[in-house]
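Below is one structure, written out as structure tokens, with a few remarks after it.
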Amino acid sequence: MIPVKRLEIVIDAPHAESITRLLGRHGLSGWTQMRGASGAGERGRRLADEITGVSSNHVIVTTCPPERLDELLEELRALLVRHGGMCLVSDALWLKH
Amino acid sequence: MIPVKRLEIVIDAPHAESITRLLGRHGLSGWTQMRGASGAGERGRRLADEITGVSSNHVIVTTCPPERLDELLEELRALLVRHGGMCLVSDALWLKH
Amino acid sequence: MIPVKRLEIVIDAPHAESITRLLGRHGLSGWTQMRGASGAGERGRRLADEITGVSSNHVIVTTCPPERLDELLEELRALLVRHGGMCLVSDALWLKH
Amino acid sequence: MDLGLIAGNLLTPPVLFFALGMAATLLRSDLEIPQAVTRGLSLYLLFAIGMHGGVELAAAGFAADALLPLAAGVVASALVPAIVFGLLKKRFGAADAAAIGATYGSISAVTFITACSFLDDRGTAWSGTMVAAMALMESPAILVGVLLARRAGVRASDDGGDGDGPREGHGSLLREAFLNGPVFLLLGSLVIGMLTGEKGWKAVAPFAYEPFKGVLCLFLLDMGLIAARRLRALRESGAFLIGFSLIVPLVNASLAIGVARLLDFAPGDALLFTVLCASASYIAVPAAIRLTLPQANPSLFLPMSLAMTFPFNVTLGIPLYMTAIDLLWRTA
Amino acid sequence: MDLGLIAGNLLTPPVLFFALGMAATLLRSDLEIPQAVTRGLSLYLLFAIGMHGGVELAAAGFAADALLPLAAGVVASALVPAIVFGLLKKRFGAADAAAIGATYGSISAVTFITACSFLDDRGTAWSGTMVAAMALMESPAILVGVLLARRAGVRASDDGGDGDGPREGHGSLLREAFLNGPVFLLLGSLVIGMLTGEKGWKAVAPFAYEPFKGVLCLFLLDMGLIAARRLRALRESGAFLIGFSLIVPLVNASLAIGVARLLDFAPGDALLFTVLCASASYIAVPAAIRLTLPQANPSLFLPMSLAMTFPFNVTLGIPLYMTAIDLLWRTA
Amino acid sequence: MDLGLIAGNLLTPPVLFFALGMAATLLRSDLEIPQAVTRGLSLYLLFAIGMHGGVELAAAGFAADALLPLAAGVVASALVPAIVFGLLKKRFGAADAAAIGATYGSISAVTFITACSFLDDRGTAWSGTMVAAMALMESPAILVGVLLARRAGVRASDDGGDGDGPREGHGSLLREAFLNGPVFLLLGSLVIGMLTGEKGWKAVAPFAYEPFKGVLCLFLLDMGLIAARRLRALRESGAFLIGFSLIVPLVNASLAIGVARLLDFAPGDALLFTVLCASASYIAVPAAIRLTLPQANPSLFLPMSLAMTFPFNVTLGIPLYMTAIDLLWRTA
Ligand SMILES: Nc1ncnc2c1ncn2[C@@H]1O[C@H](COP(=O)(O)O)[C@@H](O)[C@H]1O
Ligand SMILES: Nc1ncnc2c1ncn2[C@@H]1O[C@H](COP(=O)(O)O)[C@@H](O)[C@H]1O
Ligand SMILES: Nc1ncnc2c1ncn2[C@@H]1O[C@H](COP(=O)(O)O)[C@@H](O)[C@H]1O
Ligand code: NA
Ligand code: NA
Ligand code: NA
């Protein structure tokens, strides 16, 4: 069991690729992405109901070694400032296999 | 990074709106909702396979300032008692942006 | 509020049933499953785009009493070694209802 | 008894695909149909049957004799829940008794559609009035069921009582009965079919009519998968309810055939009326009941209608009822 | 004014299903259509209209007089954003003004399709050239809108500037304009329709042509649900923008009718050209703008086009424009 | 070599839509099709081709000479994995060699369907027997591949060995081979087509037959998107496997044409037989292999069949094989 930081990122569907590219640049090669989430936040309701993905969120879950968290969050924050979205960080244990 | 409580609520699809309204009444205006989850619990298997949503769960993730948690959970519990479902609470850090 | 271990398991769609059966054998009768997740990991990108589920992940969230965690994780690890996938463990409180 | 008719019904593509779906689940094949596809198919069927019925209604004009079957349907749909409630209340409690009552008072659009296609195959005529009857029979049972439960002391659903909720309390009852998604689409399509008549139908028929039976096959394949998955839950609910879910359609069908005979329906309409009375809802009612009677256990009423009554009606029920009608109408 | 034409348009199945969808949302019915079905239906419509247009283009051959409408369309689609930008920049800032401009400069394929079906019902001819014009008018408005915003100081979207991102920076602008999913499918189907001509069309028509109007009904039902859900966001954006989203189509339509008259379009093509100018995008533009102008607020431009301009055009606009064209072409 | 035939095949809507899909991914368009729609389309295709084949089989009757192609197909489908396994075992290990062998021994229903539509366009007859052959060739390769791997020491899949798991161990092998979702639907539809014959087909054809080619276009668009996304994974698997995935179909096709000549197949059936042998599975096998041989790396066998062999067969292979057959059958 390896201690890691669990990140849970919600982002507009069209920007999801920016997030996974960002993760890649920070050497994080593991993530899970769920599509078609609806939600509400500072920019109002997002209904996940239309054709273009503009009203849909993607949820991206990833893990990060604690020591690399700060530099990742800095860039992530810049991206969320520009595009909206959300990121929660919590502690977790990764089941080594 | 703001410490928050992360709530993860699973509820029958037809009752999902009750949850988000409840959140709204408690001044929580941010949440993310995923549809079409299957599952198992005290009320048996829920297969997420038919037409009406009666066998589907929605998963709602939200955050709550620690000081407002108790009053929220009280009402939430009442709702879960009536409708079934589940709520997990954990600690997280919200990436301010 | 009951302290529990929250498990978040990502697994190839065709193996998801092995996981829920495993949970059942350990007396865990509550879980939530989301389908059609894409992702990346040691076995490369999984695009969740084709017909057979071979490139799709399922996400399974469950809770486990702390005292039963170890024996569960042991078997789970064996399964993940064979099939790939991921498991994160964290602390949570279960809202009793 | 006309075994040929039963065999004939069993050997049509829709029924065989239903069986294929059940077989897939029972043999543990991993065949599955995404929920979005299931819902898309059901939207199509409701749209198509609604438009079709509306057009036929418009063509027939509102004759006074159309009112009789409609009234008979509504009355049946209101009486059944009351009877079932009376029978089951002691044993299962008011909430579950009311939910099962509502389930059996309301109708199954897919059973109805399968019966239409059965009549078409035989060349027996049927009228658009029955589609209107179907649309009208969706809701009264929900109302009656919930009102009975309330009178018996089952608390109304509300979530904190702030009153701004659009779907709780007493107001929600009528809403769920008539604004329930499938009911709304069916009624709406019926009205649009009536308003746009032959001309609208001509534009829509290559989508709503011609491929209909083929789509029905795929949909019934899916229903077979779904129904068989409920067999286990059904087994857990005990022999009494399993028996109940076979006897109720037979009793309701007998009564319906009697009424149809008295009211002198044509054989095709008699079959459809019978099927409406004998079938149980698994679309409109379960959703409405979850919202208005959350105390009721969905693993009772849903498997009963989905895994027993529906398969029975689709395979054996329809030709059985037809045989009885053929016999009675001939002798009379 | 030809009230009969308006009533006639209102009483066709597609428009009635749109109204049914809006009613469902406004009455708080829980009718909903899964997003995957919505997307499947829109793929079908783009595929079908693209193929159809391509085949008609191939049949007509590339006459020189086909170029005139195409050029007119592209110019209109580039001018509108500039005008709108000028009008709104002070009040709403450069990013939102540019986004709204791009929205109104681009086109709505569904409005266009509804207009085609309106013309077919009336027996008025129209040409494949207009489908090509539609395809060409999707993108210029996006380019113009974003370039205006950039000139006004709105920063280009980039995410850290490492340059390896396929969809950021200036390169992404052209990509979003022309490789945007719906635009790409529409243009691709158009080209395939031209390449495979009559023979390809014969193979595809039982899927792409015959059920088309029926599918359109289901799609518009869904659009009604979706549009009505945006009414609240629209109300919050204020009376000015609500008015704006009704006046812009009228102004654009008037100008378009004038141009069509000058260029001597046939009445059917004149209506389609008018509808293209008067309609606003809610498929291609919003997605492209989210990527190239993330500063723009999607709860302004999306509800305006989806919840006001689209319903207006589909119900009242089309017959209104037709009436004007009938009048003008007759007198001229 | 008949370049006209190749060009002709390349210029049909299905192949062009496949190319459009690949282009969309390669040009980084954001065009995408929801997975539920992809799965819905594939269910439709399996249902339709199964019913169609079953009806043709029923019409032809079970002549003794139908057994020959069936037997040839099954033998081919069992031999190919053994040969491929022998060739690749050293280099890639038993698990991957067996998986790739199973992939190439089994068949691609979509390639088969595209070949049918190619024959229809040319007016060349083909028989329902080949559909039955296709259905029978799905599974043996899976069995052979897995058994070879087991003999070579690859451990059976099991998850703790409690034995109550429905899909592990040796029992799961047969289950995966024959109860695999797509195989089950195809075989089931075939049997239903045979049972219901002409009459069932007439009811279902407006859905299963007439729109078929149009649906195939949309499906191949999607396959193009999906295949191109695997090109990167393929590049990583190295030049050897890329070459392998082009040479295997050519070798298998040559052998198949020889066998077809010896057994004196008609040209249409010869092409279909060749296509079955030359094509590789990306539906039935990958799913079955994931469950029975989890040690095999899906980023080898899936991209090979999906991103190389499938595109090759659909664009160049089919007309190439036809040219060879035309030549050989003429001279013979
Ligand atoms: N407090 C929150 N908890 C969970 N999800 C949130 C929260 N705030 C925002 N989100 C998600 O992030 C999306 C974008 O948020 P925003 O940019 O603030 O509108 C929303 O649509 C939600 O899905
Ligand atoms: N321990 C658990 N872990 C994760 N999800 C659960 C758990 N218990 C219940 N659920 C979810 O909550 C739904 C309703 O639970 P219940 O009302 O207990 O049947 C289930 O169908 C599951 O999706
Ligand atoms: N670090 C991680 N964070 C989140 N999800 C992961 C992570 N690693 C792997 N996954 C998920 O687990 C799946 C299988 O991982 P693997 O077997 O390592 O390829 C991936 O496709 C991801 O969806
Ligand atoms: Na009934
Ligand atoms: Na416009
Ligand atoms: Na093969």
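Computation of the quantities below employed the complete heavy-atom set of this structure, encompassing side-chain atoms and omitting hydrogens, waters and symmetry-equivalent molecules. In what follows, every chain begins at residue 1, and chains take the letters A, B, ... in the order their sequences are listed.
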**Asked** Using the ring of each side chain (for Trp, its six-membered ring), is D/Tyr209 parallel, tilted or perpendicular to D/His52, with breaks at 30° and 60°?
**Response** perpendicular
**Request:** Assign the ring pair F/Phe47 / F/Phe207 to parallel, tilted or perpendicular, where the plane angle (0 to 90°) is split at 30° and 60°.
**Result:** tilted
**Item:** Ring centroid separation F/Phe301 to F/Tyr104 under 6.0 Å
**Value:** no
**Prompt:** Where does F/Ala208 contact chain D at under 4.5 Å (heavy atoms): side chain, backbone, both or neither?
**Reply:** neither
**Request:** Evaluate the criterion ring pair (Phe, Tyr, Trp, His ring centres under 6.0 Å) for residue pair D/Phe17 and D/Phe219; output intermediate values, then yes/no.
**Result:** CA-CA 9 Å; D/Phe17 274 100; D/Phe219 187 71; over 10 Å; no
**Message:** Looking at chain F, which one of D/Pro206, D/Ala19, D/Pro34 has the largest number of heavy-atom pairs inside 4.5 Å, strictly under?
**Reply:** D/Pro34
**Request:** Count the heavy-atom pairs under 4.5 Å between each of F/Gly193, F/Ser189, F/Pro211, F/Gly40 and chain D, then report the option with the highest count.
**Result:** F/Ser189
**Message:** Less than 4.5 Å to any heavy atom of chain F: does that hold for the side chain of D/Leu216, its backbone, both, or neither?
**Reply:** neither
